[in-house]
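Note that ligands are numbered from 1 as they come in the structure, with each ligand's atoms numbered from 1 the same way.
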Amino acid sequence: MSDVLAIYPGSFDPITNGHFDLIERSRRIFDHLIVALLTNAEKEPLFSVEERVGMLREVTRNMKNVSVDTFSGLLVDYAVQKKARALVRGIRAFSDYEYELRMALMNRKLEPRLETIFLMPAESYAYVSSRLVKEIFRHGGSVKELVPPVVEARLRQKVNSLRHEV
Ligand SMILES: Nc1ncnc2c1ncn2[C@@H]1O[C@H](COP(=O)(O)OP(=O)(O)OP(=O)(O)O)[C@@H](O)[C@H]1O
Ligand SMILES: [Mg+2]
């Protein structure tokens, strides 16, 4: 049987320990994992695509079967182009479930050969989201336990540079 490739899509603005936890779990299941950053998300990101890719690459540097890429447009088109067999998504709480279920069923309708796999993070990361990390950091709280060290450093730089702009 050929190698099984999975794609873990998201906006990763920035990558958190919750994302990291899912990457670690996925790469033990699949032969290869592509962490794929969606570049046409509608929301206004804090970090540019280049900055987000840079952080993802640093954090996954020692993971031989993980690569980082970007995509725009439909996820299923990208997945087919990459010959992926599965999509990885995370379920933190019931609140994620409805949206993720809708997305998974829609993606299945668009591309029946592609399977969505849901993973649960370690309990300690069940409440971590990029949005929450940014909010805590903006108000001076500690994000040390929520993001990889490189991300904490970049957040500090980012907030300092934004302060100097105004
Ligand atoms: N702490 C976490 N545990 C498990 N899954 C997660 C966690 N954080 C994100 N995910 C999952 O990773 C995928 C990509 O998520 P996304 O890029 O939206 O991150 P996010 O942290 O939810 O960001 P935002 O707060 O901007 O929505 C989604 O399936 C999401 O449910
Ligand atoms: Mg989200």
Considering all heavy atoms, the nearest Ile15-Leu56 contact: CD1-CD2, 3.6 Å
Residue pair Val68 / Val53: nearest heavy atoms and the distance that separates them: CG1-CG1, 4.1 Å
Should the proximity of [X] to ligand 1, defined as any heavy atom under 4.0 Å, be assigned to the side chain, the backbone, both, or neither?
{"X": "Pro9", "answer": "backbone"}
{"X": "Phe12", "answer": "backbone"}
{"X": "Glu100", "answer": "side chain"}
{"X": "Arg92", "answer": "side chain"}
{"X": "Asp21", "answer": "neither"}

message: Angle between ring planes, Tyr78 versus Phe71, binned at 30° and 60°: parallel, tilted or perpendicular?
response: parallel
What is the nearest protein non-hydrogen atom to [atom], stated with its residue, atom name and distance?
{"atom": "atom 25 (O) of ligand 1", "result": "Arg131 N, 2.9 Å"}
{"atom": "atom 4 (C) of ligand 1", "result": "Pro121 CG, 3.4 Å"}
{"atom": "atom 15 (O) of ligand 1", "result": "His19 NE2, 3.7 Å"}
{"atom": "atom 27 (O) of ligand 1", "result": "Lys43 NZ, 3.4 Å"}
{"atom": "atom 21 (O) of ligand 1", "result": "Ser130 N, 2.8 Å"}

Is the closest side-chain heavy-atom distance between [X] and [Y] below 4.5 Å?
{"X": "Arg154", "Y": "Glu51", "result": "no"}
{"X": "Arg52", "Y": "Ser11", "result": "yes"}
{"X": "Leu38", "Y": "Pro9", "result": "no"}

- prompt: Is there any N or O on Thr16 that sits under 3.5 Å from an N or O of ligand 1?
  reply: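 No.
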Ser11-ligand 1 polar pair, N/O distance under 3.5 Å: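 Between Ser11 and ligand 1 (N or O atoms, distance only) the closest approach is under 3.5 Å.
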- request: Have a look at Gly90, Pro45, Gly10 and point out the one with the heavy atom closest to atom 31 (O) of ligand 1.
  value: Gly90
- prompt: Closer than 4.0 angstrom: is that true for some heavy atom of Tyr8 and an atom of ligand 1?
  reply: yes
- prompt: Heavy atom of Leu22 under 4.0 Å from ligand 1?
  reply: yes
- prompt: Taking NZ, NE, NH1 and NH2 as the nitrogens, is one of them in Asp13 or Lys134 under 4.0 Å from a carboxylate oxygen of the other?
  reply: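 A salt bridge links Asp13 with Lys134.
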task: Determine, for Glu111 against Arg108, whether the closest basic-nitrogen to carboxylate-oxygen distance falls under 4.0 angstrom.
output: no
- request: Determine whether more than 12 heavy atoms belonging to other residues, nucleotides or ligands lie under 6.0 Å from atom CD of Glu145.
  value: no
task: Inspect the surroundings of CZ in Arg102 and state if more than 12 heavy atoms from other residues, nucleotides or ligands are less than 6.0 Å away.
output: yes
- prompt: Taking only heavy atoms of Ser129, which atoms of ligand 1 are found under 4.0 Å from at least one of them?
  reply: 21 (O), 25 (O)
